[in-house]
Amino acid sequence: MTTPALFDPERPATPAVAGPRPAPFVIPLPAGLPLLNSNRALHYKDRMKAVAKLRRAARDAVSECPALMDALDAVRPRPLFQRAHVLGVVHPKGNGRHDPANWYPSFKAAVDGIVDAGLLEDDDHTRLLGPDMRLGPVVKGGQLVLVVRGLAPDEDPLGYGAVTR
């Protein structure tokens with residue numbers, strides 16, 4: 001039995017809108033970073049520490065990306081994007097069945113980190129589409145990767161019609 005193909009962020013889907021699309025920024029968090037999972041209960045203090053670590057790791061990952069830092073330096077005042085789409089890819093520790101949506105607490109903390117870094121003013125529904133969570137290939141220790149693409153004010157990459165505000 002063959003394993004179904006996993007999502008490959010390096011080969012994005014065909015654009016839903018005409019014209020060139022801006023290149024996405026790929027923000028990998030460190031492999032092996034402890035991830036939060038909705039199926040695992042933690043004491044609230046341990047959860048707070050894990051959220052802070054993920055948030056800081058995402059902020060630091062932005063500062064370690066030369067292309068993002070150049071883009072941030074060119075934009076004053078911040079944020080870099082008025083609106084953005086975030087694709088979140090979780091690379092599990094091992095093979096087996098996985099539900100990427102269970103890692104939502106980790107994605108949320110990472111998105112807060114990119115807000116802290118100045119990519120977005122806030123992560124509310126008027127500024128952020130996503131995170132759309134997908135499963136990537138296995139990485140030793142597990143890893144989160146955020147793929148961030150700026151959106152035009154009324155752009156709707158999912159094809160739902162007018163964006164509600």
More than 12 foreign heavy atoms under 6.0 Å from CG of N95: is that the case here? no
V26 and V145: CA distance, side-chain angles, deciding distance, side chain to side chain contact (heavy atoms under 4.5 Å, CB included) verdict: CA-CA 7 Å; V26 179; V145 177; 3.6 Å; yes
Which heavy atom of [X] sits nearest to which heavy atom of [Y], and what is that distance?
X    : Y    : result
P105 : S38  : CD-OG, 3.4 Å
F107 : P100 : CE1-O, 3.8 Å
P92  : G136 : CD-O, 3.4 Å
P79  : L120 : CB-C, 3.5 Å
A110 : L144 : CB-CD1, 4.5 Å

Non-hydrogen side-chain atoms of [X] and [Y] separated by less than 4.5 Å:
X    : Y    : result
Q82  : P153 : no
V148 : L87  : no
V86  : I114 : yes
H85  : D132 : yes

Taking atom [atom1] of [X] and atom [atom2] of [Y], what is their separation to the nearest 0.5 Å?
X    : Y    : atom1 : atom2 : answer
K93  : Q143 : NZ    : CD    : 13.0 Å
L33  : L54  : CG    : CG    : 5.0 Å
W103 : R134 : CH2   : CZ    : 14.5 Å
H125 : R83  : NE2   : CZ    : 10.0 Å
D112 : R55  : CG    : CZ    : 4.0 Å
E64  : R59  : CD    : CZ    : 10.5 Å

Tell me whether V111 shares a hydrophobic cluster with M48, the cluster being built from Ile, Leu, Val, Met, Phe, Trp, Tyr side chains joined at under 4.5 Å. no
Using the rule that two of Ile, Leu, Val, Met, Phe, Trp, Tyr join whenever any of their side-chain heavy atoms come within less than 4.5 Å, decide whether L146 and V139 are in one cluster. no
Going through the distances and angles, do V62 and L119 end up as a side chain to side chain contact (heavy atoms under 4.5 Å, CB included)? CA-CA 9 Å; V62 169; L119 297 190; 4.1 Å; yes
Walk me through whether R149 and E155 qualify under salt bridge (Lys or Arg N to Asp or Glu O under 4.0 Å). CA-CA 12 Å; R149 185 177 67 82; E155 183 178 351; 3.2 Å; yes
Could you please spell out the steps behind the side chain to side chain contact (heavy atoms under 4.5 Å, CB included) verdict for L29 and L35? CA-CA 11 Å; L29 275 62; L35 301 179; 6.0 Å; no
Could you check F81 against E121 for side chain to side chain contact (heavy atoms under 4.5 Å, CB included), going step by step and ending with a plain yes or no? CA-CA 8 Å; F81 303 116; E121 185 177 343; over 6 Å; no
Salt-bridge present (D123, R127; N to O < 4.0 Å): no
